[in-house]
Structure formats: structure tokens, C-alpha cells
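Here is the structure we will look at, set down as C-alpha cells.
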Amino acid sequence: MEILLYSVMTQLVMFMPLALGVSISYTVLRATDMTLDGSFVLGAGVFAKLTTLGIPPFLSALIALISGAMAGIMVSLIQRGGKIDPLLAGIIAAFILVSINLIVMGKPNISLLSSNTLLSFAFNKSDLYGYTITGLYCITICFIAAILLNSKFGLVLRGLGDNPSLLKRLGKPVEFYRSLGFAFTNALSAASGILTSQVVGYADTSMGLGMTLTGIGAIILGQQVLKLFTNTSSIRILGELSACLIGSSIYFAAMNILLRMNVNPVYLKMILGFVLIIFLRAALRPAKNENPT
Amino acid sequence: MKNTAIQLFQILAVFLSAIIIASCSQHPKTVTIGIIEPLEHKAMNEIVEGFSQTLKKEYKQSVILDIENAQNDPNLKHAIIQKMIDQHVTIIAPIGVDATEMTLSMTRNTSIPVVSLASDLTDEDRQKLNPCHAAVVHDEINPETIIHFIHQVYPSLTKLTLIHSSANKVFPEVNEAIAAGRLEGITIQAIMVSSLPELTTAATAIPSQTQGLFVLKDSLIVSGIGTLSHVAQQKHIPLITSDQGSVEDGAGFALGVPEKQIGVEGAKLSAAILKGTPACDLPIAQMKNLTVFMNQKALSDSQQNIEAVEAAAKKLNYSIEYTNKTG
């Protein structure tokens with residue numbers, strides 16, 4: 001049981017910032033931002049490149065975060081004025097990022113196995129210590145994100161997602177806030193990439209494959225499960241954070257349990273899909289009972 | 001509220017049952033080797049086959065092979081490695097660069113030795129690991145050797161098109177191939193594709209003056225070898241690759257090593273570790289015995305001289321393996 005929990009936690013601490021980025025993009029900005037896969041790799045790639053060039057890890061991480069934010073600004077510029085559908089803009093930006101990531105990294109894979117990173121000192125002592133420090137970084141990132149969401153800035157972002165016309169009428173620069181919103185979510189994704197590259201020991205151009213979709217699946221699941229216990233609208237920020245945590249935990253727990261039951265990984269995604277459906281249906285049923293119409 | 005409690009109970013019941021079953025799953029007491037395949041590919045199965053057969057010969061005691069495929073999913077790969085660590089497998093044998101790096105990173109605080117199959121980890125790289133716990137099987141053949149062989153087959157060849165993906169291992173080899181081509185008087189034009197659909201587009205954009213198509217050991221391009229085979233037949237030019245599988249699927253010929261051999265070498269290293277040799281004391285296994293794989297049907301379909309390939313192989317002392325399968 002402890003082993004399973006440990007295994008889930010080791011994946012959660014790397015994935016949570018990305019899940020939160022997906023959640024903000026999906027529930028606050030009301031856009032399915034497919035760029036997050038690319039900015040995840042960009043964060044990892046920029047960090048790995050700069051670290052291997054001898055730049056201090058903290059500075060490398062900072063530049064990697066800024067590069068992730070710039071990827072977000074690129075998406076908002078593509079869909080400027082709502083002329084291009086956010087989903088399409090995200091796909092185009094992700095497409096562009098494939099080339100950018102390769103150019104930045106110079107090669108498709110950069111090894112960090114023998115480099116000094118923000119986490120190497122901890123992992124050199126023990127895995128538990130390493131993952132604890134990773135967890136602390138993760139909590140700090142999520143805490144900063146929560147503070148931002150709880151501020152006036154977060155309120156404007158919600159307004160942008162819910163009713164951009166109203167925001168315009170209130171005299172707020174819509175495009176500016178759209179850029180800030182996407183910069184925020186993509187920086188979170190880049191942060192996840194930075195943490196992942198340090199834990200797994202490399203940055204690779206293909207390491208972001210399917211991350212956004214996994215994130216979307218996890219937060220939908222988390223939201224539905226959360227609906228069982230509480231009215232999320234009354235504790236919005238806490239609810240969003242909890243949905244990410246619950247959804248991602250269930251996803252990784254299901255994956256690890258199935259693997260430990262010796263299920264052939266070829267069938268894993270299919271079974272995982274069915275498990276998610278069971279959870280979603282179980283979570284949806286009470287709401288149906290309460291509102292028979 | 002009552003409904004909510006029932007639903008909560010149902011969810012917890014499902015979860016707890018699964019956890020109990022998972023906890024009761026196999027905890028190996030005998031020697032277990034975990035093999036990590038990064039994705040579904042014919043070459044992976046051949047490597048595993050070679051590994052399994054050789055290990056039986058080299059190590060007489062009972063060994064359980066836990067073969068897991070990560071389906072090209074980094075999260076799944078991480079979960080598989082963590083599972084193997086938790087189950088205290090005796091050796092982990094990842095296939096490929098990414099899987100090796102992730103395994104080495106995750107096993108740095110364990111005593112589990114790693115046998116890296118088909119990665120580019122150098123002696124210097126593994127000495128930097130603290131502690132060094134990796135044995136390595138290299139699979140790449142120097143592009144210079146392949147270009148030299150191509151020149152022996154086609155002495156008048158001057159223009160060759162190299163189609164490659166953005167895979168990590170391929171990048172430096174492309175540059176080496178171009179440089180080797182220059183030495184042999186062959187101008188090599190490289191075309192990069194990042195996905196299979198792009199390969200179809202690239203195939204239509206191949207320069208008309210090219211005298212041959214060349215593919216390195218590159219899993220993405222090899223997956224679409226049928227597309228290039230079709231182009232080679234239409235243009236009456238040879239399609240030269242660097243692995244056995246692509247020749248079976250329609251390429252003309254290749255200079256390479258049987259994929260199985262990577263598994264064979266990996267099993268020898270694993271057996272040595274099981275007999276007590278520290279992983280880091282084992283020298284990096286290199287692929288020495290090169291084979292020319294020939295698809296006579298594909299060669300004749302693209303109007304190529306089969307005898308020229310055979311003569312060059314004979315001259316350079318390479319063994320020949322014939323295959324006429326086409327997908």
C-alpha cells in the first residue's frame with residue numbers, strides 16, 4: 001500500500017503544475033490549449049540546454065519558465081481578437097513549438113544524468129529526499145498559482161473566460177489579459193517540464209506526448225468526483241486545485257494498480273479508459289438522482 | 001446525502017479491492033530481469049527473443065523475464081520502472097536512449113544493475129554515474145562503414161538522398177554520413193521528417209537527379225518504408241537501409257546487424273552480472289559481425305543489379321542474408 005502511494009506521489013509531484021495549467025486553461029480561460037504539450041518540452045529543453053552549458057540551475061529554471069510563458073503569449077497572438085479558434089491556435093502553436101524545441105535543444109535528447117540541477121543534491125542522498133524536495137517545489141508552484149488565481153488578476157481571467165465582451169465594456173484590455181492568462185498556464189506547464197527533466201534525468205523532444213490530454217482527462221475526472229462532496233463554486237480555487245489533485249491521483253493510482261496486477265501495458269489505456277468511465281458514471285449518478293428532470 | 005455515501009463507498013470498495021489484488025501480485029523471489037520496450041516495434045521483439053534464448057544458454061538457473069512495453073508514454077514508462085524497482089528485480093534492461101536515461105536516473109539509489117540495450121551511453125558517461133551500475137550494448141554501425149559499402153556496390157554513385165527523423169540517435173549519424181559521403185565522392189542530401197504523414201510528402205519531393213535513397217537505423221522512417229520502396233521502384237533507384245526489418249518490408253538491401261544480436265549481447269552481459277561481475281566492470285558490447293540483408297524481389301523491382309551487391313559483400317567479407325518478404 002505504501003509502495004503504491006509512494007509510486008503515485010512520485011508521478012504527482014512532477015505532473016501537478018501541468019495539470020493545474022490545463023485546469024486554468026480549461027475551466028478559467030475556457031480554452032483547450034494544446035500548446036501545453038509543447039511548452040512542457042520547451043521548459044525541460046531550455047532548462048537542460050542551459051544547465052549543460054554551465055549556467056546555474058536556478059537561473060536556467062527561471063529562463064525556462066519565461067520561455068514557457070512566451071510560448072503562451074505566442075498562442076494568444078495567434079488567436080488575437082478571437083479570430084482563430086483557441087483549439088486551432090493551440091494546435092498551430094504546438095506545431096511551431098516542435099521546431100522551436102529542436103532548435104533550442106540542438107538535438108532531440110539532452111542527458112542530465114551527470115549534471116548539477118536543482119534536485120540532484122537531494123536525489124544523490126536518497127530518492128525519498130529527492131521526491132520530497134520535488135514535492136516542495138510543486139507545492140510552492142501551486143501555492144503561487146492559487147494566490148494569483150485568488151487575486152484581482154485571477155478575477156479578471158475568470159471574467160475573460162466567462163464573458164470577454166463584458167470585460168471589454170469594463171475597459172479592460174482583453175488581449176493583454178488573454179496573453180497573460182496563456183503565459184501563466186504555459187509557464188506552469190514549463191515548470192512541470194523542468195521538474196520532470198530533473199527527476200527522469202533527460203529532456204527529450206517527445207517527452208510531452210499526450211500530456212495535455214492526460215491532464216484534461218484527469219481534471220474532468222477530479223471535478224466529477226469532487227461534485228460528490230461539495231459545491232465547487234463556493235470554494236472555486238480550492239476546488240480547482242483539489243480537482244487536479246484528485247483526478248491526477250486517480251489516474252496514476254489506476255495506472256500503477258493495473259501494472260502491479262500484471263496487466264499487459266498494451267491493454268492498459270483501454271482498461272484505464274473503462275476505469276475512468278466507471279468513476280465518472282459513479283460521480284454523475286447522485287446529481288442525476290437529485291435533478292430527475 | 002445517503003446516495004453520496006453509497007457512491008463514495010462503492011468507489012472506495014473498487015479501489016481497495018484493486019489495491020489488495022495488486023499487493024498480492026507477484027513479488028519475485030527468484031532471479032527476475034525486467035526488460036523495458038519503449039514502444040511497439042518488430043525490432044524490440046527480436047531483441048527480446050535474442051535476449052531470452054541466449055540467457056537460457058548462458059545462465060542455467062531459473063530466470064523470470066518481466067517484459068513491459070511503455071507504449072511511447074513517458075508516464076507509463078516511469079510507472080513501469082518504479083514497479084520494477086519496488087519488486088526488487090535483479091536486473092533492469094531498458095531498450096533505447098530515453099528508457100536507459102530514465103532507468104539510470106530512477107535506480108541511482110538502488111543496487112539494481114542496469115543493462116542498457118541499443119543506447120549511445122559511452123564509457124565516460126557511465127563512469128560519471130555515482131555509483132556506476134550500467135552495462136551497455138551499442139547497436140549503431142559507423143555510417144562511414146555503410147557509405148563505404150554503398151560506394152563498393154555503386155562506384156559511379158554521386159548523389160544520394162538520406163531521409164531521417166528527428167530521433168536523438170540519428171542526428172549525429174546524419175552528419176557523419178554526409179562527411180563520409182564527401183570522402184567517397186558522394187553528395188548526400190538530407191531530408192528530415194518529423195512524422196509519418198510528412199514522409200509521404202517528403203517522398204514526393206525527392207530530387208529527380210538522386211541516384212539512391214538511404215535510411216539510417218531510424219524507427220520512424222522504417223515504419224513508413226513501404227512509401228519509400230514505392231518511390232524507389234518508380235524511379236528505378238536503390239533503397240538502402242541499415243537494418244534487417246526494413247529489408248524484410250521492402251527495402252533493397254542493408255548493411256547492419258540482426259536485431260536479435262543486440263539481445264544476444266545483452267543476455268551475455270546480464271549472465272555475467274548474475275554470476276557476480278559488477279556491471280561497470282563489463283566492457284561496452286559492440287556490434288562487430290556485420291551482415292548484408294538483401295531483398296532480391298525489391299532489388300529486381302527497382303531494376304538493381306543483385307550481383308553487384310553480392311560481389312561487394314564478398315569483397316568486404318560481410319555475410320549475406322536473403323529475404324524476399326515484402327511486408
Side-chain angles (χ1 to χ4, degrees), chain A residues 1 3-4 6-7 10-11 14-15 98-99 102 106-109 111-114 123-127 130 196 199-202 204-211 214 225 228-229 250-262 264-266 268-269 275 278-279 282-283 285-286 289-290, chain B residues 1 3-4 6-8 10-11 14-15 18-26 37 40 66 68-83 85-87 97-98 101-106 108-110 120-121 125-126 128-130 165-172 192 194-195:
Chain A
M1 181 72 180
I3 288 172
L4 190 73
Y6 175 76
S7 190
T10 59
Q11 291 188 281
M14 295 184 279
F15 190 74
V98 172
S99 288
L102 207 51
K107 54 183 181 173
N109 180 295
S111 174
L112 288 171
L113 283 173
S114 50
F123 276 106
N124 286 342
K125 283 184 184 164
S126 78
D127 281 353
T196 304
V199 174
V200 300
Y202 68 91
D204 193 281
T205 48
S206 62
M207 70 193 292
L209 207 72
M211 286 288 188
T214 306
V225 173
L228 278 173
F229 312 109
I250 293 174
Y251 178 81
F252 288 125
M255 179 192 274
N256 280 282
I257 289 170
L258 288 170
L259 268 178
R260 280 150 216 266
M261 288 167 78
N262 289 329
N264 187 339
V266 172
L268 209 66
K269 290 279 167 72
V275 170
I278 291 168
F279 271 97
R285 212 176 296 158
N289 291 344
E290 284 155 21
Chain B
M1 193 62 199
N3 279 340
T4 308
I6 292 168
Q7 295 306 318
L8 177 64
Q10 283 177 346
I11 290 173
V14 170
F15 233 64
I19 289 170
I20 290 163
I21 296 168
S23 308
C24 295
S25 67
Q26 180 194 358
E37 297 179 351
E40 283 293 336
D66 179 10
E68 305 276 7
N69 194 311
Q71 305 292 317
N72 211 15
D73 178 345
N75 288 324
L76 186 53
K77 204 188 301 170
H78 188 279
I80 288 170
I81 298 168
Q82 191 61 52
K83 184 195 96 168
I85 294 169
D86 294 341
Q87 291 185 337
V97 181
D98 302 4
E101 286 171 335
M102 197 184 272
T103 308
L104 288 174
S105 182
M106 290 176 69
R108 62 188 135 192
N109 293 316
T110 68
D120 56 0
L121 205 71
D125 291 335
R126 67 175 180 156
K128 278 183 193 165
L129 298 170
N130 188 21
S165 71
S166 56
N168 183 54
K169 270 172 72 178
V170 177
F171 255 57
M192 192 188 94
S194 54
S195 65

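Proteins come first, then strands; the chains are lettered A, B, ... in the order of their sequence lines, and each starts at number 1.
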For this session: Any chance you could lay out the side chain to side chain contact (heavy atoms under 4.5 Å, CB included) test for Q87(B) and I3(A), step after step, and finish with the verdict?
Result: CA-CA 10 Å; Q87(B) 291 185 337; I3(A) 288 172; over 6 Å; no

Where do S206(A) and D98(B) land on the side chain to side chain contact (heavy atoms under 4.5 Å, CB included) test, with the steps shown first? CA-CA 10 Å; S206(A) 62; D98(B) 302 4; 4.0 Å; yes

Inset, instruction - Walk me through it: do L259(A) and Q82(B) pass the test side chain to side chain contact (heavy atoms under 4.5 Å, CB included)? - result: CA-CA 10 Å; L259(A) 268 178; Q82(B) 191 61 52; over 6 Å; no

Can E101(B) and N109(A) be said to form a side chain to side chain contact (heavy atoms under 4.5 Å, CB included), step by step? CA-CA 10 Å; E101(B) 286 171 335; N109(A) 180 295; 3.0 Å; yes

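For D86(B) (side chain) and L4(A) (main-chain N/O), no donor-acceptor pair under 3.5 Å exists by modelled atom type.
Rounding to the nearest 0.5 angstrom, the gap separating the NE2 atom in H78(B) from the CG atom in N256(A) is 9.5 Å. Remark: L209(A) CG to Q71(B) CD distance equals 12.0 Å, nearest 0.5 Å.
Looking at D204(A), only its side chain comes within 4.5 Å of chain B, counting heavy atoms on both sides. Residue contact with chain A, scored on non-hydrogen atoms closer than 4.5 Å, involves the backbone and the side chain of L104(B) alike. Both the backbone and the side chain of F123(A) come within less than 4.5 Å of a heavy atom of chain B. Only the side chain of L268(A) comes within contact range of chain B, with at least one heavy atom under 4.5 Å from a heavy atom of that chain. Neither the backbone nor the side chain of D125(B) comes within contact range of chain A, judged by heavy atoms closer than 4.5 Å.
When all heavy atoms are compared, the tightest approach of M207(A) to P74(B) is O-CG, 3.3 Å. When all heavy atoms are compared, the tightest approach of M255(A) to N75(B) is SD-O, 3.8 Å. Minimum interatomic distance between G201(A) and S105(B) (heavy atoms only, all atoms of both residues): N-OG, 3.5 Å.
Across K83(B), M106(B), K77(B), K128(B), the residue that shares the most heavy-atom pairs under 4.5 angstrom with chain A is K83(B). Most heavy-atom pairs under 4.5 Å with chain A: of the set L129(B), D73(B), I81(B), this distinction falls to D73(B). Heavy-atom pairs under 4.5 Å with chain A were tallied for L76(B), N69(B), T103(B); the largest tally goes to L76(B).
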